[in-house]
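Report on the structure given below.
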2 protein chains.
Amino acid sequence: MATIYEVSKLAGVSLATVSRVMNKNARVSDKTKKKVLEAMDTLGYRPNAIAQSLASNCSNSIGILVSELSGAFFGQMMSGIETELRAAGKHVIITTGHSEEEKEKDGIEFLIGRNCDAIIAHVEAVSDEYLIEINKGKVPVYSMSRHVEALKDKCISLDNEAGGYLATKTLIDLGHTNIAYIAGPQFKADASNRLQGHKRALKEHDIEFDENLFYIGDFREIGGSAGLKHFLDEKFNFTALVCANDEMASGAMKYAREHNINLPEQLSIIGFDNVIFANYLYPTLTTIDNPVDEMGKMAAQLVLRDVYQQKKLEIERVFEPTVIVRDSVSKLTN
Amino acid sequence: MATIYEVSKLAGVSLATVSRVMNKNARVSDKTKKKVLEAMDTLGYRPNAIAQSLASNCSNSIGILVSELSGAFFGQMMSGIETELRAAGKHVIITTGHSEEEKEKDGIEFLIGRNCDAIIAHVEAVSDEYLIEINKGKVPVYSMSRHVEALKDKCISLDNEAGGYLATKTLIDLGHTNIAYIAGPQFKADASNRLQGHKRALKEHDIEFDENLFYIGDFREIGGSAGLKHFLDEKFNFTALVCANDEMASGAMKYAREHNINLPEQLSIIGFDNVIFANYLYPTLTTIDNPVDEMGKMAAQLVLRDVYQQKKLEIERVFEPTVIVRDSVSKLTN
DNA sequence: TTGTACGCGTTATCAT
DNA sequence: ATGATAACGCGTACAA
């Protein structure tokens, strides 16, 4: 691989001049610039990113920490981030936390050790205090889908409480009053906020929260099946079901079909996230839209602005959820 | 951040010695080793990965190129790769190619520019020749899900032809003879190989390949809906449908339901890949298993062995597909 | 506008 | 076993 030194020799200029034409900031005469460019071309010169990083103390890489690499939710999120960052010539280093405190911390320190200029993390198990503490260090850690007041300038999140409210309110407006709820793991901030929204909607309509109609799932299909099975086995009375994400809704729908429950006539189901396959389920899933790709894009822009002093776009930090009405929910008929 | 220099000063040894205790290869006396370790500890020393890379000419990072970051298929693939690599202390830099030749080349060169020690690529648009050519360079490029004979030591792939054969054969064995086929984009090697397998199965059973019952989709849900719509609009006669991947099968199933076609009584549908949601569709999707996560893991092991001289595991380069029987396929009843 | 020289934090090659 | 010292490839004051 040709180095900057060889380029300078071929072009008959100094190392510094070559460096200057690369980092367009300094002024170089057109003549010499042309000579250098030509030399680069004939040598097929490619700057060594590692050496650049070492000298400039800037790696042009952004660390991303997600819970899982698979799953529609994270896929869309990563996609939003990477597209935006790549267009700006940055690159992403991706690793996983698996929703476990130790692994999440490991992941973040791993990314710091890799000299990332910033980290965008979707963490669920570490404490707010840890996030605050780690942010006192050199590399800024941005939080996705989780709001920490002390770090609000570094958070991009959906108003999950409003989303949870919206989901339940949608069912109530259709006449349902016996509404079961399958929640996500409550140590996860978004899961807990969604539940709070659910409770607020109930309260607002004088419906008492019923522990019997509450089940904590795992945000995966199996959690939805297990939750619905639980409610049915116990013969509890309900006409509608809120699932705290679409995967669980899918699992619940599968279980319902296997047990000959007509959807949505006998049971209305609403999901959360509006992942891609929600529109291909049967019946198509009514759900709460969670624009994760947009949020990922926004997080990337935030980093570009704060860390690399690029652009000056308006940053939207808290996204508002909306209902996507499809076929899995119907009016309560007596 | 403490540097190796400060550690050496505090421990009262030279830079070289500190470096030696880090890279456990060389022999250092237990006494000095202990001193150094203590110094590192009190200073909270963390080696600078960038500087290590520059000096050792090894970045400990592996580039991954996928078509998309979202989608069950790529999610599982990345997950398999990352888990294995991370456990070995390596990290992944992920970027996308979007199935377009220019972007795929861009992506690969981007990763090379980032000094990746190796690249694992799922490419679809670039030519075999390009892959061969790029592999003459310093950084080895491994290919996922695409077999290139001249590069067979660097390829991890599913026998897609056998899979395509298996899918169609499954239907034939159930009595179907009018079998429609929705293919993937034919410039993609896996799509083309699956189709070849389909044709072989037909031929083997003296069924003529019917252009009318052939449609080229896009590997996404929409392609499946469009394909089935096409066949139905033209009123072609068929009792079974092979979709070259599960997404298209999902799209076709949705379209079928919307047009009151009973599945699988009136139409048997088989998919390909066995992505996670295949088991949550209605009816649950019979499909060809494609162990992408296993293949990702294997690719990672291959890199670990060839590039980092780790382990000496047996590498499995070509995986055999199997049928996963579920509910979307039934016997032909006259 | 251009060139010189030093620094970035390691590894690696010699000596000792 | 340990210590100097030269790379590694580039950015950047400072000088010219």
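Here is the naming used below: chain letters follow the sequence lines, and residue numbers restart at 1 for every chain. What you are looking at is a predicted structure, and each value in this text was computed from that prediction instead of being measured.
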Electrostatic pair B:E133-B:K136, nearest N-O below 4.0 angstrom = yes
Quick one: side chain to side chain donor-acceptor pair (under 3.5 Å) partners of B:T42, sequence neighbours excluded?
-> none
In whole angstroms, the gap separating P of C:dT13 from CG of B:N57 amounts to 13 Å
A:E109/A:K105 ion pair, N-O < 4.0 Å | no
Terminal axes of the helix from C:dT1-D:dA16 to C:dT16-D:dA1 (5 end pairs apiece), angle rounded to 10 degrees, sit apart by 30°
List for me each residue that meets side chain to side chain donor-acceptor pair (under 3.5 Å) alongside B:E104, sequence neighbours excluded, and say none if there are none.
-> none
Check: A:T95/B:R86 side-chain N/O donor and acceptor closer than 3.5 Å = yes
What integer distance in Å separates B:N115:CG from C:dT10:P?
-> 18 Å
With A:K90 as the cation and A:Y308 as the aromatic partner, state whether NZ or CZ is under 6.0 Å from the six-membered ring centre and within 45° of the axis.
-> yes
Which residue pairs satisfy the ring-ring contact (aromatic ring centres under 6.0 Å, His included) criterion with at least one member in residues 125-147 of chain B, sequence neighbours excluded?
-> none
Taking only side-chain nitrogens and oxygens of A:T17, does any of them come within less than 4.0 Å of OP1 or OP2 of C:dG3?
-> yes
Show the distances under 3.5 angstrom between N or O atoms of the protein and N or O atoms of nucleotides 9-11 of chain D.
residue	atom	partner	partner atom	Å
D:dC10	OP1	A:Y45	OH	2.5
D:dC10	OP1	A:N48	N	3.1
D:dC10	OP2	A:I4	N	2.4
D:dG11	OP1	A:N23	ND2	3.3
D:dG11	OP1	A:Q52	NE2	3.2
D:dG11	OP2	A:S19	OG	2.8

Pairs in or reaching into residues 29-70 of chain A: which pass ring-ring contact (aromatic ring centres under 6.0 Å, His included), with residues at least two apart or in two chains?
-> none
May I ask you to say what A:T32 touches in the nucleic acid, namely base, sugar-phosphate or nothing, with a heavy-atom cut-off under 4.0 Å?
-> sugar-phosphate
